[in-house]
Amino acid sequence: MRHRSLAAAASASAPPPQMPPSFHFHWRHHAARRLSSTTACLHPPPLQPPRASASASASLLLQLQDHIASGHLSRAHHLFDQIPSPDVRTYNDLIRAYSSSPTAAADGLHLYRRMLRHRVAPNNYTFPFALKACSALVDHHCGRAIHRHAIHAGLQADLFVSTALLDMYVKCACLPDAAHIFATMPARDLVAWNAMLAGYAHHGMYHHAVAHLLSMQMQMHRLRPNASTLVALLPLLAQQGALAQGTSVHAYCIRACLHPNRNSKSKLTDGVLLGTALLDMYAKCGSLLYARRVFDAMPARNEVTWSALIGGFVLCSRMTQAFLLFKAMLAQGLCFLSPTSIASALRACASLDHLRMGEQLHALLAKSGVHADLTAGNSLLSMYAKAGLIDQAIALFDEMAVKDTVSYSALVSGYVQNGRAEEAFLVFKKMQACNVEPDAATMVSLIPACSHLAALQHGRCSHGSVIIRGLASETSICNALIDMYAKCGRIDLSRQVFNMMPSRDIVSWNTMIAGYGIHGLGKEATALFLEMNNLGFPPDGVTFICLLSACSHSGLVIEGKHWFHVMGHGYGLTPRMEHYICMVDLLSRGGFLDEAYEFIQSMPLRADVRVWVALLGACRVYKNIDLGKKVSRMIQELGPEGTGNFVLLSNIYSAAGRFDEAAEVRIIQKVQGFKKSPGCSWIEINGSLHAFVGGDQSHLQSPEIYRELDNILVGIKKLGYQPDTSFVLQDLEEEEKEKALICHSEKLAIAYGILSLSEDKTIFVTKNLRVCGDCHTVIKHISLLKRRAIIVRDANRFHHFKNGQCSCGDFW
DNA sequence: ATAGGGTTAG
């Protein structure tokens, strides 16, 4: 036969050792290729017995071994192609080499298939290597085929083969198959037990894992957990927060001399793995002290050890300490630096508002050549977004060569956090156009965009999208939906989502209570709070902020005082500044201005600007100029933080007719560089948003809108409306002031709603600032005049207008 | 063995 003579010829012309091997390759290679492409495909070659080429093969095999040993797999393959009829062992050698590198696993499987084509029977060494390749590729179809081959070869009960099968099924997430293999294995060693345990652990099957561990120890084989067992088990305990169990594992390590301190040199790697897993378990269970002790006791650490510790501190919100650890790590040498540790440090920066350090880390990433790392890039992106530098975040996003779901989600939430909700939708669209699949976190970032815009139709679409994706029962998604429906004016739908969710967390309760709060439904908020108590769900600080502000928006002053008392004395929660703000807001909105003032002075904390501002707002409403002056002096001392306070202050003066002083405040505001964010109102009509600023004439239907407003004005004046021109800031003639009032953005949006929506529809308008007092009165009258329901959501709360009344009564 | 994006209040 032809190929046999070629082989013989090859053996005859075996080159002397000094000859460059490449020369030799070429010739043989072509011959081999021709063979396989002509004869071999049609008729599988007969099994090779040739002894004629033994010496040539021996030399080739030696070279092959060399290449494999030095990791030159492509050269090895090249050489392999020239071996006329490789035997099982040769195949096994190369398949093994391929299977140990995850990127080459596919080539290993090709080789395995070729082996079958060439009728070389796989043996008990072949199967484990081929199965390992399947594990690397997470390809259970291929794994199952090999399983059948092994059965066919009668080797499925072999210890190595069955352990490899078990491991393959575990890695391919086919746990029932893995459990079946495990149960039917005639013999099991520790490796098999550990593989099965790892399967349970990776899938969070705590009870299975514990049962497995117990039966392992009860065997008569004296199977004692080793380092691998515990390294598989500990992350599961960490995930479950099972500190007691984790501690007893630690104790076992010490008894069994597995403790990192006592390991022999050969087990040093095990020691690092075990120590890292232990400290991570302690950190994830919130026991940072022990995490730190394990860390300090470890004789050797690697970059994972450091990352785990730093990440643990970040997880427990000990940002400053996390940061110090990161610095300590750098001081130990750059070899410990990893994208993972940088990502943790960046999270610390983001929450500490430590932008400058974040930028330095950005530079460090670029310098250490890992700036292309996706994880670290995403952390950086999110840090910029949280710091309000959305443009930086966008630039970074555009630079990233690889983007994934996390990158897109970070950008979506970045836009929303920076008040650019419309653009968040654009990013979401782009993401889908690029075939990047949104997940739960993406939707949790996107849904608040609908809340911001009060875009109910968008919100409903998102809800639908969440249902289609099978995410509708996730707690965080439901929380976002509750908030969205509440802020879009559909508190009934919020409650529906709340009622139907399979499990609730503290955020669910708080969001629902807050939802009732912004709708002025203080009674419902209180009822829900009591229900929460009855179910034994402990409230947190935020719960009380929600509850107090609900009381405040509903005028429930006595109830609010009661809950504030209960909070400290019944639940032992120390009030934070936010709680004091709520209380001052509660008292002063209710008209108890002096009591609010006394309350501030009795506070154990030094009142910050926001506390005083809450009082100032009420001074404006109740026209208490004396107290307003006192309060504004306090605010000036503390330094007004932001624009709103200048506006309030100036409003106080305007209301008192002291326009010079009002103007002065505005001038200071300008000089100090605070820009007043313009009042803006919008309305969603058939799924698209129409926005108006004061005096806006840019809308296509502007003439009709103003004509409608004029008609309304005539109508409501007949009903007894009188313009309250104290809300106009400039010193104008009365008539001019009335004109300035009538083109407030909320009025424009309502007029447009009246024009565009059929009479039975509720008009729902959203405003970014607080509704002006005159508008409030006007809208009441409109609801009577036009006999329609109007809902206005402003920066504070909801106002439901009907038949000339507002749900908030006088608590504007 | 570690690790990135997200929900509530003011």
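Below, chains carry the letters A, B, ... as their sequence lines are ordered, and counting in each starts from 1.
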Seminar exercise, completed: So the side-chain hydrogen bond (donor to acceptor under 3.5 Å, both in side chains) pairs with at least one residue in residues 445-456 of chain A (sequence neighbours excluded) are none
Exercise. Does A/T574 have any side chain to side chain donor-acceptor pair (under 3.5 Å) partners at least two apart in sequence or in another chain, and if so, which?
Worked result: none
For this session: Could you check whether A/K403 gets within reach of a base, just the sugar-phosphate, or nothing at all, counting any heavy atom under 4.0 Å?
Result: nothing
Seminar exercise, completed: By side chain to side chain donor-acceptor pair (under 3.5 Å), A/S494 pairs with (sequence neighbours left out) none
Exercise. Contact class for A/T543 (heavy atom, under 4.0 Å): base, sugar-phosphate, or nothing?
Worked result: nothing
For this session: Identify whether any heavy atom of A/D585 sits under 4.0 Å from a base atom; if not, whether one sits that close to sugar-phosphate; answer base, sugar-phosphate or nothing.
Result: nothing
For this session: Look at all strands and tell whether A/T511 reaches a base, only sugar-phosphate, or nothing, counting heavy atoms closer than 4.0 Å.
Result: sugar-phosphate
Problem set entry | Start and end of chain A contact along DNA chain B [non-hydrogen atoms, under 4.0 Å] | B/dA1 to B/dG10
Exercise. So what does A/S413 touch, heavy atoms closer than 4.0 Å: a base, only the sugar-phosphate, or nothing?
Worked result: sugar-phosphate
For this session: Using a heavy-atom cut-off of under 4.0 Å over every strand shown, decide if A/D439 touches base, sugar-phosphate, or nothing.
Result: base
Exercise. Do the non-hydrogen side-chain atoms of A/Y571 and A/P539 ever get within less than 4.5 Å of each other?
Worked result: yes
For this session: Determine the contact category for A/T405: base if any of its heavy atoms lies under 4.0 Å from a base atom, sugar-phosphate if only primed atoms, P, OP1 or OP2 are that close, otherwise nothing.
Result: base
For this session: Would you indicate what A/Q417 reaches in the nucleic acid, counting non-hydrogen atoms under 4.0 angstrom: base, sugar-phosphate, or nothing?
Result: sugar-phosphate
For this session: Classify the nucleic acid contact of A/V542 as base, sugar-phosphate or nothing, counting any heavy atom under 4.0 Å across all strands shown.
Result: base
For this session: Please work out if A/A514 contacts a base, only the sugar-phosphate, or nothing of the nucleic acid, heavy-atom cut-off 4.0 Å.
Result: sugar-phosphate
Exercise. Looking at residues at least two apart in the chain, or sitting in another chain, which of them share a ring-ring contact (aromatic ring centres under 6.0 Å, His included) with A/Y516?
Worked result: none
Seminar exercise, completed: Across all chains, not counting sequence neighbours, the side chain to side chain donor-acceptor pair (under 3.5 Å) partners of A/N378 are A/D404, A/S407
